[in-house]
Amino acid sequence: MPSQLGTALVTGSSSGIGAVYADRLAARGYDLILVARNEARLRAQADKLADTHGVHVDVLVADLTDPADLRRVEARLASDPDIRMLINNAGFGGAGTLAQSPVEDMERMIDVNVTAIMRLSYAAAPAFVARGTGTIINIASIVAVAPEILNGVYGGSKAFVLAFTRSLKKELADSGVTVQVVLPGATGTDFWDIAGLPSSNLPESWVMTPETLVDAALVDLDAGVFASIPSLQDDAQWQAWETAREAMSPNLSSRTAAPRYADRGGRII
């Protein structure tokens, strides 16, 4: 029998943050659809979650850089009435500079970090709105607000996730759909190995476990917090950043250039 909570679809769920989300949501009573490329690991995880939590776990093997695979996941999101939550977690990064990074790898990064998140959100949102309920959680990164920390394409892709999710939240206001963005700091997963900078090279005080990250983000979700940054110790800093952004927003467009562009005769360019 389907769960009363419905089904959560989690991308990148075979390891790391996605695997923890799957476990925590199963513990809450959600059925699951696990999406990742590694079929063997995915099926082993599905069996373990089903045995541990007594929920139904389906497996959808997909490479989100493959348009055909991505469309299959979109179709499932758009057509399965039991899906009530989408966790857009799949993604990868890079620590190398622009000059060190093959452009093909950067293009694949955009395929997963930007295109897949956008298309899957577009597939889920209309279905959730039609039902008057649903949750979309997009996993960004602290580099969304500090892109100079790592590879610029990675930072740019996560800045997209933050901006896109913020806009999505506004568009879906009063629809019954909850939208959240999560901005992890350094997290102890194989992300860093794939990016070429193992987390063992980072100061221990910087690296959060994926369990701590997900548990904190779910606390924020339950509290209705839009942007969850579990590693930021002083939340007032984020609030100040948001306040400054919102104060500047109405002043960003004008027919005339600002007075600082006046020539010596006092005329505005």
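Nearest heavy-atom pair, Val161 versus Ile139, reported as atom, atom and distance to 0.1 Å: CG1-O, 4.0 Å. Considering all non-hydrogen atoms of both residues, Gly185 and Ser231 come closest at N-OG, 3.7 Å. In terms of heavy atoms, Arg84 sits closest to Gly6 at CG-CA, 3.8 Å. In terms of heavy-atom proximity, Ile17 sits nearest to Pro184 at CD1-CG, 4.3 Å. Smallest separation of non-hydrogen atoms from Ser157 and Asn113: OG-ND2, 3.1 Å.
Using modelled atom types, no side-chain atom of Thr165 and backbone atom of Val181 make a donor-acceptor pair closer than 3.5 Å. Listed for the Ser3 side chain is a donor-acceptor partner under 3.5 Å among the backbone atoms of Gly29. Remark: side-chain polar atoms of Ser249 are not paired, donor with acceptor, to backbone N or O of Glu246 under 3.5 angstrom.
The distance from atom CD1 of Ile149 to atom NZ of Lys158, rounded to the nearest 0.5 Å, is 14.0 Å. Separating the CE atom in Met109 from the CG atom in Asp111 is a distance of 11.0 Å, to the nearest 0.5 Å. Once rounded to the nearest 0.5 Å, the distance linking CG of Asn151 with CD of Gln100 reads 9.5 Å. Here the straight-line distance linking atom OG of Ser79 with atom CD of Glu74 works out to 11.5 Å at 0.5 Å rounding. The distance from the CD1 atom of Ile33 to the CG atom of Leu77 is 7.0 Å, given to the nearest 0.5 Å. To the nearest 0.5 Å, atoms CG (Leu70) and CZ (Arg119) are separated by 6.0 Å.
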Without placing hydrogens or testing angles, list every side-chain donor-acceptor pair under 3.5 Å for residues 124-136, not counting sequence neighbours.
from	atom 1	to	atom 2	distance (Å)
Arg131	NH1	Ile83	O	2.8
Arg131	NH2	Asp80	O	3.0

Please tabulate, for the side chains in residues 47-56, all donor-acceptor contacts under 3.5 angstrom to protein atoms that are two or more places apart in sequence or on a different chain.
from	atom 1	to	atom 2	distance (Å)
Thr52	OG1	Lys48	O	2.8
His53	NE2	Asp23	OD1	2.9

Table please: side-chain donor-acceptor pairs of residues 86-94 below 3.5 Å, with sequence neighbours left out.
from	atom 1	to	atom 2	distance (Å)
Asn88	ND2	Ser121	OG	3.2
Asn88	ND2	Asn138	OD1	2.9
Asn89	ND2	Thr11	O	3.1
Asn89	ND2	Gly12	O	3.0

Which donor-acceptor pairs under 3.5 Å do the side chains of residues 57-65 make with protein atoms, sequence neighbours left out?
from	atom 1	to	atom 2	distance (Å)
Asp58	OD2	Arg76	NH1	3.2
Asp58	OD2	Arg76	NH2	2.9
Asp63	OD1	Thr65	N	3.0
Asp63	OD1	Thr65	OG1	2.7
Asp63	OD2	Thr65	OG1	3.2

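For Ala216, the side-chain contact (heavy atoms from CB on, under 4.5 Å) test picks out Pro230, with sequence neighbours left out. Qualifying side-chain contact (heavy atoms from CB on, under 4.5 Å) partners for Asp234, counting only residues two or more places apart in sequence or in other chains: Ala236, Gln237. For the side-chain hydrogen bond (donor to acceptor under 3.5 Å, both in side chains) test, no residue two or more places apart in sequence or in another chain qualifies with Asp82. Partners of Pro102 by side-chain contact (heavy atoms from CB on, under 4.5 Å), not counting sequence neighbours, listed by chain and number: Glu104, Asp105. Shown here are the side-chain contact (heavy atoms from CB on, under 4.5 Å) partners of Thr212, two or more places apart in sequence or in another chain: Met208, Thr209.
Shown here is Gln4, whose CD atom has no more than 12 heavy atoms of other residues, nucleotides or ligands within 6.0 Å.
Side chains of Ser228 and Leu221 form no contact here, defined as non-hydrogen atoms less than 4.5 Å apart. Between Tyr154 and Pro147 the shortest side-chain heavy-atom distance does not fall below 4.5 Å. Between Tyr122 and Ile117, the closest side-chain pair of non-hydrogen atoms is not below 4.5 Å. Proximity of Gln180 to Lys169: side-chain heavy atoms (C-beta onward) are nowhere separated by under 4.5 Å. With a 4.5 Å cut-off on side-chain heavy atoms, Thr7 and Tyr30 do not count as touching. Annotation: side chain of Val20 is in contact with side chain of Pro210 (closest heavy-atom distance under 4.5 Å).
The hydrophobic cluster containing Leu252, built from Ile/Leu/Val/Met/Phe/Trp/Tyr side-chain heavy atoms closer than 4.5 Å, also comprises Met248.
Hydrophobic clustering of Ile, Leu, Val, Met, Phe, Trp and Tyr side chains at less than 4.5 Å, counting indirect connections, keeps Ile137 apart from Val114. By the criterion of side-chain heavy atoms lying less than 4.5 angstrom apart, applied directly or through intervening Ile, Leu, Val, Met, Phe, Trp or Tyr residues, Leu150 is grouped together with Ile229 in one hydrophobic cluster. Val225 and Leu168 fall into different hydrophobic clusters, where Ile, Leu, Val, Met, Phe, Trp and Tyr side chains are chained together by heavy-atom contacts under 4.5 Å. The cluster map of Ile, Leu, Val, Met, Phe, Trp and Tyr, joined by side-chain heavy atoms under 4.5 Å apart, puts Leu42 and Val10 in the same cluster.
Salt-bridge formation is detected for the pair Arg166/Glu242: a Lys NZ or Arg NE/NH1/NH2 atom is positioned less than 4.0 Å from an Asp or Glu carboxylate oxygen. The pair Asp222-Arg28 meets the salt-bridge criterion, since a charged nitrogen lies less than 4.0 angstrom from a carboxylate oxygen. Using a 4.0 Å cut-off between charged side-chain N and carboxylate O, Asp69 and Arg72 make a salt bridge.
Residue pairs meeting the ring-ring contact (aromatic ring centres under 6.0 Å, His included) criterion with at least one member in residues 217-247, sequence neighbours excluded, are Trp238-Trp241. Pairs passing the ring-ring contact (aromatic ring centres under 6.0 Å, His included) check and including a residue from residues 155-182, sequence neighbours excluded, read Phe160-Phe164.
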